Amino acid sequence: MLSSSQKIKKIGLIEGDGIGPEISASLKDVFAAAKVPLDFESIPAGLGQFEKVGQGILASDLKKMADLKVCIKGPTTTPTGGGHKSINVTIRKALDLFANVRPIKSLPCIETPFKNVDIIIVRENIEDTYGGIEHQQSPDMAQCLRIITRSGSLRAHRFAFELAVRQGRKKVTCVHKANIMKLTDGLFLETFHEVAKEFPQIESSDIIVDNCCMQLVSRPEKFDVLVLPNLFGDIVSDLCAGLVGGLGIASGANIGSSLAVYEAVHGSAPDIAGKGLANPTALLFSSLLMLRDLGLNQEAQKIEKALTEALANKNTCTRDLGGSASTQDFTRAIVGRLKS
């Protein structure tokens with residue numbers, strides 16, 4: 001796991017596709033204004049890179065990411081159906097980023113039907129159906145292999161409980177479908193209860209995924225830390241983002257044993273690319289996770305204050321949040337508060 005004692009001065013930056021370069025430019029401007037003591041090293045990845053060299057990301061650039069230890073990433077385009085494999089999945093598997101972390105918290109400046117939401121989602125990030133092991137058995141039947149291992153499940157659960165301890169959380173809930181998938185989800189649930197015994201100070205429980213979804217949209221305040229297999233985690237984390245304002249403000253991190261990739265979890269939105277409509281908030285909130293993990297708490301606090309103040313003013317919000325500001329206007333509003 002990433003340690004704040006590591007002396008990180010240079011971090012990787014994957015700008016990505018679509019609106020990625022625009023929100024990455026915003027990130028650079030905000031970091032410069034906040035005097036964050038980090039330099040960016042550009043790493044090409046995504047659809048644009050695939051079209052240039054036939055690969056979404058080169059092996060040499062994956063090695064560079066591993067050497068840098070810390071990277072931040074804009075959205076990359078994954079074709080639906082055919083085309084190249086997901087760059088996100090490729091990076092996670094190649095760098096063994098086994099835990100995906102998505103904090104979901106209500107913001108006082110964002111109006112939603114839900115109040116006091118404060119959930120951390122820990123998603124096992126490598127296994128499950130995301131191995132993409134599929135077979136066309138016949139023209140009328142396709143098959144997908146779902147992989148759940150004891151070792152992969154144990155480290156995801158242990159990560160979730162350790163995170164709960166570090167952040168003073170009270171409860172960890174395992175989300176599963178072990179009533180139907182008795183072997184795969186059964187193993188995920190079994191290992192959860194094994195790890196829970198190591199953390200008697202943390203309340204543990206489990207819930208079937210469909211019931212969890214219903215509870216999340218009726219009483220989200222009852223949940224604290226959720227740990228899920230990969231596919232369920234992907235779906236439930238996006239559902240939870242909707243509780244607090246959508247993917248445009250959702251932060252995320254992919255964590256391995258000694259490196260991490262922080263990312264905006266929304267799509268590349270090619271339909272609005274280059275129009276000044278992109279909202280950089282998700283990437284900026286993800287950068288705050290990174291700064292705090294690196295021990296740069298003062299810089300993170302300054303940026304968070306400026307960002308939330310800009311979000312609270314409809315005159316400086318982007319259109320997706322009910323304002324009229326362009327990406328550049330929103331960025332300037334944040335930068336102005338950092339410099340004042």
Side-chain angles (χ1 to χ4, degrees), residues 23 72-73 75 88 92 97 99-125 156-157 159-176 202-255 260-267 279-293 300 303-304 307-308 311-312 320-321:
I23 62 174
I72 189 161
K73 176 186 166 297
N88 293 333
R92 293 166 189 168
L97 303 174
N100 183 282
V101 181
R102 294 272 293 271
I104 305 291
K105 189 171 184 176
S106 297
L107 296 172
C109 51
I110 304 294
E111 286 292 327
T112 77
F114 302 95
K115 309 297 179 187
N116 304 316
V117 179
D118 188 5
I119 302 168
I120 299 177
I121 295 175
V122 176
R123 163 187 167 194
E124 195 289 317
N125 211 24
H157 295 317
F159 180 93
F161 276 96
E162 289 172 350
L163 181 64
V165 171
R166 288 197 307 274
Q167 297 204 10
R169 298 284 178 152
K170 305 297 184 184
K171 180 179 180 180
V172 178
T173 302
C174 177
V175 184
H176 62 89
I202 302 292
E203 181 184 350
S204 62
S205 65
D206 68 88
I207 187 170
I208 295 172
V209 63
D210 39 334
N211 184 26
C212 179
C213 290
M214 187 273 289
Q215 297 286 344
L216 281 167
V217 298
S218 56
R219 293 186 297 160
E221 68 280 356
K222 70 177 286 187
F223 294 104
D224 195 354
V225 178
L226 301 179
V227 60
L228 310 91
N230 206 343
L231 178 59
F232 296 157
D234 192 3
I235 296 167
V236 170
S237 58
D238 279 13
L239 181 153
C240 288
L243 302 177
V244 297
L247 290 176
I249 61 170
S251 59
N254 302 283
I255 309 294
V261 177
Y262 302 82
E263 64 181 348
V265 299
H266 55 69
N279 180 1
T281 299
L283 190 65
L284 292 171
F285 272 132
S286 297
S287 78
L288 299 182
L289 299 179
M290 177 184 72
L291 293 178
R292 290 189 171 107
D293 282 349
I303 294 171
E304 184 172 26
L307 173 57
T308 53
L311 287 169
D320 59 309
L321 296 178

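For clarity, every value in this text was computed on a predicted model and none was experimentally measured. In what follows, every heavy atom counts, from backbone to side chain, and hydrogens, waters and symmetry copies are set aside.
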Partners of N88 by side chain to side chain donor-acceptor pair (under 3.5 Å), sequence neighbours excluded?
K73
Find out whether I119 and L216 are in side-chain contact, i.e. whether some heavy atom of one side chain is under 4.5 Å from a heavy atom of the other.
yes
Pairing residues for E124 by the side chain to side chain donor-acceptor pair (under 3.5 Å) criterion, not counting sequence neighbours:
none
What's the separation between atom CG in L291 and atom OG in S286, rounded to the nearest 0.5 Å?
11.0 Å
Applying side chain to side chain contact (heavy atoms under 4.5 Å, CB included) to N116 and not counting sequence neighbours gives none
Which heavy-atom pair separates P103 from L289 by the least distance, and what is that distance?
CG-CD2, 3.8 Å
List, one per line, each side-chain donor-acceptor pair under 3.5 Å for residues 221-229, sequence neighbours excluded.
{"from": "D224", "atom 1": "OD1", "to": "R169", "atom 2": "NH1", "distance (Å)": "2.8"}
{"from": "D224", "atom 1": "OD2", "to": "K170", "atom 2": "N", "distance (Å)": "2.8"}
{"from": "D224", "atom 1": "OD2", "to": "K171", "atom 2": "N", "distance (Å)": "3.1"}

Pairwise salt bridge (charged side-chain N to carboxylate O under 4.0 Å, His left out) hits with a residue in residues 208-220, at least two apart
K177-D210
Does atom CD of Q215 have more than 12 heavy-atom neighbours, drawn from other residues, nucleotides or ligands, at distances under 6.0 Å?
yes
Report the residues that fulfil ring pair (Phe, Tyr, Trp, His ring centres under 6.0 Å) with F232, sequence neighbours left out, ordered by chain and then residue number.
none
Who passes side chain to side chain donor-acceptor pair (under 3.5 Å) against E304, sequence neighbours left out?
R292
Could you report the tightest heavy-atom contact between V172 and A164, atom names first, then the distance?
CG2-CB, 3.8 Å
Qualifying residues under side chain to side chain donor-acceptor pair (under 3.5 Å), relative to S237, sequence neighbours excluded:
R102
Counterpart residues, ring pair (Phe, Tyr, Trp, His ring centres under 6.0 Å), relative to H176 (two or more places apart):
none
I235: what forms a side chain to side chain contact (heavy atoms under 4.5 Å, CB included) with it, not counting sequence neighbours?
L231
Under 3.5 Å, which donor-acceptor pairs do the side chains of residues 243-254 form with other protein atoms, sequence neighbours left out?
{"from": "N254", "atom 1": "OD1", "to": "R92", "atom 2": "NE", "distance (Å)": "3.1"}
{"from": "N254", "atom 1": "OD1", "to": "N100", "atom 2": "ND2", "distance (Å)": "2.9"}
{"from": "N254", "atom 1": "OD1", "to": "N125", "atom 2": "ND2", "distance (Å)": "2.9"}
{"from": "N254", "atom 1": "ND2", "to": "V261", "atom 2": "O", "distance (Å)": "3.2"}
{"from": "N254", "atom 1": "ND2", "to": "E263", "atom 2": "OE2", "distance (Å)": "3.0"}

Least distance between heavy atoms, D293 atom then Y262 atom:
OD2-OH, 2.6 Å
Scan residues 226-235 for pairs that pass salt bridge (charged side-chain N to carboxylate O under 4.0 Å, His left out), counting only residues two or more places apart or in two chains.
R123-D234
